[in-house]
Chemist: 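Here's a structure for you.
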Number of protein chains: 2
Amino acid sequence: MLNERSQKVLCAIVQTYINNPEPVGSGFITKRYAFNLSPATVRNIMADLEVEGFLSQPHTSAGRIPTDMGYRLFVNSLHSEIEYQPDNKSTLYRMVNELESIKDDINALLEETTKKLSGFSHYLSVAVCPSTRISTFNRIEFLKHRGSQVVAVLLTDEGLIKNKVLDVGSDLSQRHLNRISGYLNSEFHGYSLIEIRAKILREMAKEKDLCDTLISRAIRICKEALFFPYDDLFISGLAEVLGLPDFSDVEKIKEISRAIEDKHHMLQILEKISDTDGVKVIIGAENPMMQMKGFSLVASSYKEGDRPIGCVGMIGPTRMDYSRAIAVINTTARFLTRVLTDRK
Amino acid sequence: MLNERSQKVLCAIVQTYINNPEPVGSGFITKRYAFNLSPATVRNIMADLEVEGFLSQPHTSAGRIPTDMGYRLFVNSLHSEIEYQPDNKSTLYRMVNELESIKDDINALLEETTKKLSGFSHYLSVAVCPSTRISTFNRIEFLKHRGSQVVAVLLTDEGLIKNKVLDVGSDLSQRHLNRISGYLNSEFHGYSLIEIRAKILREMAKEKDLCDTLISRAIRICKEALFFPYDDLFISGLAEVLGLPDFSDVEKIKEISRAIEDKHHMLQILEKISDTDGVKVIIGAENPMMQMKGFSLVASSYKEGDRPIGCVGMIGPTRMDYSRAIAVINTTARFLTRVLTDRK
DNA sequence: TATTAGCACTCTCGATACGAGAGTGCTAAT
DNA sequence: ATTAGCACTCTCGTATCGAGAGTGCTAATA
């Protein structure tokens with residue numbers, strides 16, 4: 001579609017703009033890059049690129065800035081050099097090492113990871129826990145709390161720990177509860193929570209008319225105990241990201257603040273990425289699901305063994321340093337994968 | 001210090017400025033308020049108020065705006081009418097009713113409370129859980145997880161549920177763990193976590209030379225399990241607050257973002273308030289501990305019975321609607337107190 | 001003596017103008 | 001096909017100006 005020379009010019013423009021957020025003129029390109037072209041020729045190429053939709057002009061007689069399509073082409077041309085950048089190797093490794101010590105607690109691990117990522121990259125960083133939807137039931141315990149309240153503690157094979165406060169009838173003793181959890185643990189061990197949900201619904205339909213047996217009661221409690229409307233989402237780096245020149249505009253700031261507070265929506269996007277493999281880059285409004293005009297997301301799933309279970313990523317302006325971001329996220333995701341896989 | 005008339009004029013100016021963030025001129029005051037004074041007289045009073053430090057002038061020949069001291073006097077003069085404002089009564093009650101349904105889970109309750117508060121008031125709202133420092137030990141359980149990992153689940157009398165992942169030697173069976181938790185539960189029930197910490201340290205000093213008895217082991221594990229560096233902090237409403245005209249300035253936005261991300265510092269302030277009784281108002285840089293120049297905090301502790309255990313509040317620009325904020329926080333804190341006390 | 005009317009003064013803000021600078025698009029030459 | 005040359009366009013910073021709002025001061029007033 002695009003000849004090689006045009007593509008090279010485009011990439012040069014994108015790179016230049018990423019380094020410094022000002023419209024790029026033809027003169028700069030000819031001076032900075034050894035394409036052996038005159039400014040006039042570059043201008044012609046730029047005009048073509050604009051017609052094709054890769055560049056745009058803030059106004060006549062200004063330089064060009066990349067469109068989302070322009071960034072996309074740039075990012076696609078990047079995919080070969082996805083591995084570590086030399087310059088941030090050491091810092092990144094140091095960061096990863098510091099995380100090694102808390103690898104046992106997946107929540108703490110992800111929280112620290114986002115904190116370190118944002119401090120390190122100056123972008124907003126995000127991570128989601130292994131989704132409760134796909135997690136594998138390991139064990140559930142019920143602890144009698146105050147009055148008729150019971151705390152259900154769910155452990156999954158992925159290392160998730162989830163609490164839920166339930167209100168059961170006041171007549172269940174701890175002994176009863178232990179029998180219930182014993183039953184559930186033997187019955188459900190190894191199933192995914194989704195399967196268990198389905199199983200429970202079937203059971204409930206079957207036992208509908210049965211009176212208050214322990215089992216039917218167990219199942220009803222379990223249905224509640226296994227239902228977690230939201231997965232945990234970690235976000236860090238708002239203050240960092242506001243330091244970028246791209247956020248000198250108040251509207252921009254409001255937009256990213258809204259994105260942060262709308263955790264539900266953010267989760268949807270990240271969980272979709274959690275299911276796939278490798279680094280994903282979503283640029284600007286590419287994905288209709290993100291109303292993030294002006295922002296890009298670089299994210300990757302992390303895995304336990306071969307199975308993707310969660311996702312970690314960075315959000316920045318569309319003018320973000322993709323090659324660095326991709327490298328960083330890639331390294332981070334591999335690190336998480338290694339840690340989560342090794343502990344088996 | 002200030003005669004009554006001056007004080008009235010000051011309050012009128014503050015109120016006017018709160019309604020509309022523009023410097024207030026002498027003409028407006030005479031027209032709007034029936035003080036029976038001429039603009040010239042008001043100007044004289046304003047000049048005095050400025051000398052005394054209650055007002056400031058953005059530039060010669062502009063109206064006056066309140067200083068932190070001015071807001072302070074205004075707020076102090078307000079304390080009589082601290083109870084519900086008539087206009088937002090119904091909305092506030094509706095909000096509180098909606099929260100009633102999740103009162104069992106204190107974390108969820110506080111999270112929802114902050115969400116509703118910020119949606120309702122358009123200010124940033126915050127809440128802290130009962131501090132683990134002062135919480136009362138109710139019960140601890142250890143669940144063997146993967147490998148040598150153990151999940152400690154701590155329940156407090158205040159309704160807190162805390163998890164912690166520990167790495168104990170791999171040779172402890174669930175049976176051992178149960179004996180340990182049994183021992184701890186009988187030993188520590190009813191003590192505050194702080195007391196227990198002290199007890200543990202004493203025990204450890206005593207048993208230092210003893211070899212690996214179950215008890216000394218229990219104590220060591222417990223020491224770790226009861227240590228939670230941070231309490232949970234809920235913050236909501238960033239996107240809301242950015243809609244206020246006070247945040248048209250990027251610097252202001254950055255400042256509040258930093259305040260949000262510096263949870264450690266925020267916690268310090270709120271936990272101090274958690275220990276006291278009633279609504280506290282901190283205006284601007286009044287409290288040296290908050291580097292929040294330009295922001296005010298209206299907060300109140302909530303109690304269980306007679307004992308303050310946590311804190312809920314709202315943060316807004318110094319130009320915030322204090323009388324409304326105080327009323328709202330007061331109502332909210334009372335609601336929390338009632339809910340947390342009744343469940344006994 | 002406290003208040004007020006009158007008035008000159010000061011400062012902001014929006015509109016307008018203008019020149020420098022950067023970069024373009026087009027045309028004609030190579 | 002590329003390029004040199006040049007006129008053109010647009011932004012941005014600065015300066016200017018007048019309207020408007022509000023003040024501070026002085027002298028008159030109750």
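Naming convention: chains lettered A, B, ... in sequence-line order (proteins, then strands); numbering from 1 in each chain.
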Chemist: Would you compute the distance between atom CG of A/Leu55 and atom OH of A/Tyr17 and round it to the nearest 0.5 angstrom?
Modeler: 11.5 Å

Chemist: Can you tell me how far C1' of C/dT4 sits from CZ of B/Phe35, to the nearest Å?
Modeler: 18 Å

Chemist: What's the CG-C1' distance between B/Asn44 and C/dT1, to the nearest Å?
Modeler: 13 Å

Chemist: Let me confirm one number: the CD-CG distance from B/Glu52 to B/Leu2, rounded to the nearest 0.5 Å.
Modeler: 5.5 Å

Chemist: Quick one: the side chain of A/Ser38 and the base of D/dT3, do they pair up donor-acceptor inside 3.5 Å?
Modeler: no

Chemist: Examine B/Arg64 relative to B/Phe28 and say whether NZ or CZ is less than 6.0 Å from the centre of the six-membered ring and inside a 45° cone about the ring axis.
Modeler: no

Chemist: From CE of A/Met46 over to P of D/dT3, roughly how many Å is that when rounded to an integer?
Modeler: 15 Å

Chemist: In this structure, how many angstroms lie between the P atom of C/dT12 and the CD1 atom of B/Ile65, rounded?
Modeler: 13 Å

Chemist: What's the separation between atom CZ in A/Arg43 and atom CG in A/Asp48, rounded to the nearest 0.5 Å?
Modeler: 13.5 Å

Chemist: With a cut-off of less than 4.0 Å, is there a side-chain N or O of B/Ser26 near OP1 or OP2 of D/dG22?
Modeler: no

Chemist: If you pin A/Ala40 and B/Thr41 to their nearest nucleotides in DNA chain C, which one's is more 5'?
Modeler: B/Thr41

Chemist: Separation of A/Leu55 atom CG from C/dG23 atom P, in whole Å?
Modeler: 15 Å

Chemist: Could one point to a donor on the side chain of A/Ser61 or the base of D/dT9 with an acceptor on the other under 3.5 Å away?
Modeler: yes

Chemist: In this structure, how many angstroms lie between the P atom of C/dT30 and the CG atom of A/Leu37, rounded?
Modeler: 21 Å

Chemist: Rounded to the nearest Å, what distance is computed from the CZ atom of residue A/Arg5 to the C1' atom of nucleotide D/dT2?
Modeler: 9 Å

Chemist: Relative to the 5' end of DNA chain C, which residue comes earlier, B/Arg43 or B/His59, by the nucleotide with the nearest heavy atom?
Modeler: B/Arg43

Chemist: Now, which nucleotide makes the Watson-Crick or G-U wobble pair with C/dC26, with each of the two distances under 3.5 Å?
Modeler: D/dG5

Chemist: Could you state the atom-to-atom distance from CZ of B/Arg64 to P of D/dA21 in whole Å?
Modeler: 18 Å

Chemist: Quick one: do the B/Asn19 and B/Thr16 side chains pair a donor with an acceptor below 3.5 Å?
Modeler: no

